[in-house]
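A short worksheet on the structure shown next.
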Amino acid sequence: FGLCNLKNVGSHRFLQKLSEQKGIYWFSSSSYFASDKLKERQEELMKRGLPKRKPIPGVKHVLLVSSGKGGVGKSTTAVNLALALSKHKSVGILDADIFGPSIPTMMNISGNPELTPDNKMIPPTNFGVKCMSIGFLVDPDQAVVWRGPMVMGAITKLLMETDWKGVDILMVDTPPGTGDILLSLAQTVHVSGAIVVTTPQKVALADASKGIDMFKKVGVNVLGIVENMDGFVCANCGHITHIFGRDGARTLAEKSETKVLGGIALDPTVMVGADSGKPVVLTHPQSTPAIQYAQIAK
């Protein structure tokens, strides 16, 4: 039916009834009908005809680190959690953000990966963590101007044509939002769970909520929420200032029936570590953020 401008309630009810019978949606400039039956139908169609989820060769568990909105510290969280986990497990990081790769900078790695005899890419390693990113394959000063098929082809290559042998946990740093890359990963790769990163702000929480909802619709287990920048601790007096608000993640967790894995304090050492390629869990292991990352990793 597309877009329509219906002027009477009778027409609205007629199209709603017809939509329920045919299993489709219709939109009006003044209203939108989506019965429970239609929602069930939509979820059924989303799952129908999808390729079977495949494991990544050499990887035991895949964890998606996501955020509904950019700029909330998702990549920083992925890197520091990976390093915290690497103390007890073999860990890899896949940078799935094709248009804005951050892992090369944060892990202080550059250059093209070498190849195995069977032409698989050998993931560069630093701090004991294997890494793969489109940033290793393209000029870092050039924009990646690709359409959907090329982007998904690149993701497949990074996933399936990398020698991940021996990796217990592969942390996937996903692009912000709920776009094609994240949806394709969630639907085609055998994922053990997802972590949603947010700040306490309402604008960030609203998008994080949508991300959690998407994971539930495609059957991915949400392990919990990490609340980044949950408070600034004064270095002089120890007073905590909640610059971006407080208890936002707790409220979202209750609403979405998930849990808060932990909060990360707003600390300049986290930013310095990310920009210099020396993550805070390594350079300042006794700092508040490093201890918090370690607690979440447990």
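Treat the numbers as computed from the prediction; the structure is a model and nothing was measured.
Under the 4.5 Å side-chain heavy-atom criterion for grouping Ile, Leu, Val, Met, Phe, Trp and Tyr, L159 is connected to F99 within one hydrophobic cluster. Tracing side-chain contacts under 4.5 Å through hydrophobic residues (I, L, V, M, F, W, Y), one reaches I93 starting from M160; they form part of the same cluster. In terms of hydrophobic clustering, with Ile, Leu, Val, Met, Phe, Trp and Tyr side chains grouped at heavy-atom distances under 4.5 Å, I181 and F136 are assigned to a common cluster.
Judged purely by atom type and a 3.5 angstrom limit, S90 uses its side chain to pair as donor or acceptor with the backbone of G166. A donor-acceptor contact shorter than 3.5 Å links the side chain of D97 to the backbone of G100. A donor-acceptor contact shorter than 3.5 Å links the side chain of K216 to the backbone of S256. Using a distance-only test at 3.5 Å, with no hydrogens or angles considered, a donor-acceptor pair links the side chain of Q292 to the main chain of A265.
For the pair E227/P200, a side-chain contact is recorded, criterion being any heavy-atom separation below 4.5 Å from C-beta on. V220 places a side-chain heavy atom less than 4.5 Å from the side chain of R53. Taking 4.5 Å as the limit, some side-chain heavy atom of I296 sits within range of a side-chain heavy atom of L81. Side-chain contact between L182 and M214 is present, with at least one heavy-atom pair separated by less than 4.5 Å. At a threshold of 4.5 Å between non-hydrogen side-chain atoms, the residues V79 and M107 count as touching. Within the 4.5 Å cutoff, no side-chain heavy atoms of S110 are placed close to those of P104. Using a 4.5 Å heavy-atom threshold, the side chains of T76 and Y293 count as touching. At a threshold of 4.5 Å between non-hydrogen side-chain atoms, the residues P113 and P124 count as touching.
Crowding of H190 atom NE2: a count of heavy atoms from other residues, nucleotides or ligands under 6.0 Å not exceeding 12. Within 6.0 Å of CD on E254 lie more than 12 heavy atoms contributed by other residues, nucleotides or ligands.
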Steps toward side chain to side chain contact (heavy atoms under 4.5 Å, CB included) verdict (L137, L158)
CA-CA 10 Å; L137 306 175; L158 295 176; 4.0 Å; yes

Apply the test salt bridge (charged side-chain N to carboxylate O under 4.0 Å, His left out) to residues D207 and K210: give CA-CA distance (whole Å), side-chain angles for both, the deciding distance (0.1 Å), then the verdict.
CA-CA 5 Å; D207 290 334; K210 296 172 186 175; 3.8 Å; yes

Are F127 and I109 close enough, and set up right, to give a side chain to side chain contact (heavy atoms under 4.5 Å, CB included), and what steps lead you there?
CA-CA 10 Å; F127 311 126; I109 301 176; over 6 Å; no

Assess whether side chain to side chain contact (heavy atoms under 4.5 Å, CB included) is satisfied between L94 and I56, documenting all intermediate values.
CA-CA 12 Å; L94 171 66; I56 299 174; 5.8 Å; no

Walk me through whether V197 and N228 qualify under side chain to side chain contact (heavy atoms under 4.5 Å, CB included).
CA-CA 7 Å; V197 182; N228 201 27; 4.2 Å; yes

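Within the structure, salt bridge (charged side-chain N to carboxylate O under 4.0 Å, His left out) contacts touching residues 166-184 (residues at least two apart or in different chains) are K60-D168, K74-D173.
When every heavy atom of T105 is checked against every heavy atom of D275, the shortest pair comes out as CG2-O, 3.9 Å. When all heavy atoms of I134 and I98 are compared, the closest pair comes out as CG2-O, 3.5 Å. Residue A204 comes nearest to V72 through the heavy atom pair CB-CG1, 4.2 Å, listed as atom of the first residue, atom of the second, then distance. Taking both residues in full, the closest heavy atoms of V281 and L83 are given as CG2-CB, 3.6 Å, listed atom of the first, atom of the second, then distance.
The CG atom of D230 sits 9.5 Å away from atom CG of D247, with the distance rounded to the nearest 0.5 Å. We find the NZ-CG distance between K298 and L261 to be 14.5 Å, quoted to the nearest 0.5 Å. The structure places CG of L205 at 10.5 Å from NZ of K69, a figure rounded to the nearest 0.5 Å. In this structure, the separation between CG on L252 and CD1 on I225 is 4.0 Å, given to the nearest 0.5 Å.
Every side-chain contact (heavy atoms from CB on, under 4.5 Å) that L85 has, sequence neighbours left out, goes to V91, I169, M171, A297.
Of the residues listed (M121, M132, M152), the one engaging K157 in a side chain to side chain contact (heavy atoms under 4.5 Å, CB included) is M121, and it is the only one.
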